[in-house]
Amino acid sequence: MKLIDGKLLAANLRQEIAEKTAALKAEKGIVPTLAVILVGEDPASVSYVTAKERACIEAGMNSKEIRLPADVPEDELVSLVSSLNADEAVDGILVQLPLPKGIDAKRVVDAISPEKDVDGFTPENAGRMLIGEECFLPCTPHGVIKLIEFAGMNLSGKHVVVIGRSNIVGKPLAVLLSRKETNATVTLCHTGTKDIAAFTRIADVVVVATGRPGTLTGDMLKEGAVVIDVGVNRVADPTAAKGYRLKGDADFDSCARVASAITPVPGGVGPLTITMLLWNTLESASRKAT
Ligand code: GUN
């Protein structure tokens with residue numbers, strides 16, 4: 001059984017991104033700038049946003065942090081996004097989700113200019129991805145594709161089962177995997193699927209993105225299948241320094257006994273999400289130079 005090392009791939013890609021960022025600065029005087037908006041103090045969101053900001057700085061980019069209280073009026077958020085859209089110095093805008101209750105996340109995300117939508121969440125970018133036009137790809141699905149390439153897998157003609165139909169991961173990933181360039185046959189399972197194991201047992205690759213630990217267990221896998229675990233769940237653990245431990249959506253021990261390769265949590269898909277965000281931010285800033 002092989003562990004797919006997302007940390008290593010992320011480090012390689014971030015090195016490449018940092019070099020291109022330095023060149024853009026030296027040749028064109030452009031420093032890619034990402035505006036990160038965090039509303040409220042959800043602990044997981046705070047830690048994601050902090051990691052995104054740190055990664056920007058490490059890659060030589062600017063991070064513009066905007067942290068607002070949970071009770072900020074929705075109109076104020078939309079105005080903030082509009083002013084960032086108009087700000088020449090800003091290349092990427094990210095609104096950390098989920099937003100607090102009472103704020104219409106769709107209205108806020110839809111206000112982001114598609115040219116600065118480095119998360120790839122706006123209808124314009126989602127639609128472009130669906131029909132294969134140039135766009136910002138959503139970061140986690142894009143990271144999963146990179147990980148699969150890095151692991152040396154050729155998915156052409158292979159059967160990939162994706163579990164979870166979120167707009168952020170499952171749905172876009174199903175679209176990307178079925179593009180001609182990847183050429184996989186994709187089954188998208190979700191809460192309405194009657195017998196998920198009947199599908200996973202005939203899958204060459206299972207991607208699990210449900211946000212529920214234990215969604216996938218070893219008895220649901222074909223011998224030698226590959227498991228890509230997108231889950232990042234905080235599970236209480238009094239023996240851990242922070243009082244919790246991170247767990248994926250797959251039951252690691254039982255899956256590792258049957259799979260030929262698996263992504264660990266942490267250290268699998270997670271580091272790629274932020275890396276692909278840097279990638280999109282660099283891409284956005286590079287467009288300015290041409
Ligand atoms: N919340 C969970 N994942 C993401 C992500 O990739 N981008 C944003 N903006 N919010 C998230």
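Just follow the structure's listing: the first ligand is 1, and inside any ligand the first atom is 1.
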For Val31, the other hydrophobic cluster members (4.5 Å side-chain criterion, sorted by chain and number) are none
Would you mind listing each N/O atom of ligand 1 next to any protein N/O under 3.5 Å, plus the distance?
residue	atom	partner	partner atom	Å
ligand 1	1 (N)	Gln96	NE2	3.3
ligand 1	1 (N)	Leu97	O	2.9
ligand 1	7 (N)	Asp119	OD1	3.2
ligand 1	7 (N)	Asp119	OD2	3.2
ligand 1	9 (N)	Val95	O	2.9
ligand 1	9 (N)	Asp119	OD2	2.6
ligand 1	10 (N)	Leu97	N	3.0

Looking just at side-chain N and O atoms, do Asp219 and Thr217 make a donor-acceptor pair shorter than 3.5 Å? yes
State, with a plain yes or no, whether a side-chain heavy atom of Lys146 is found less than 4.5 Å away from one of Leu9. yes
Hey, which of Glu115, Glu133, Glu134 is the one that makes salt bridge (Lys or Arg N to Asp or Glu O under 4.0 Å) with Arg128? Glu133
Check whether NZ of the Lys or CZ of the Arg Arg287 lies under 6.0 Å from the centre of the six-membered ring of Phe136 and within 45 degrees of that ring's axis. yes
Does a donor on one side chain and an acceptor on the other come within less than 3.5 Å for Thr191 and Arg165? yes
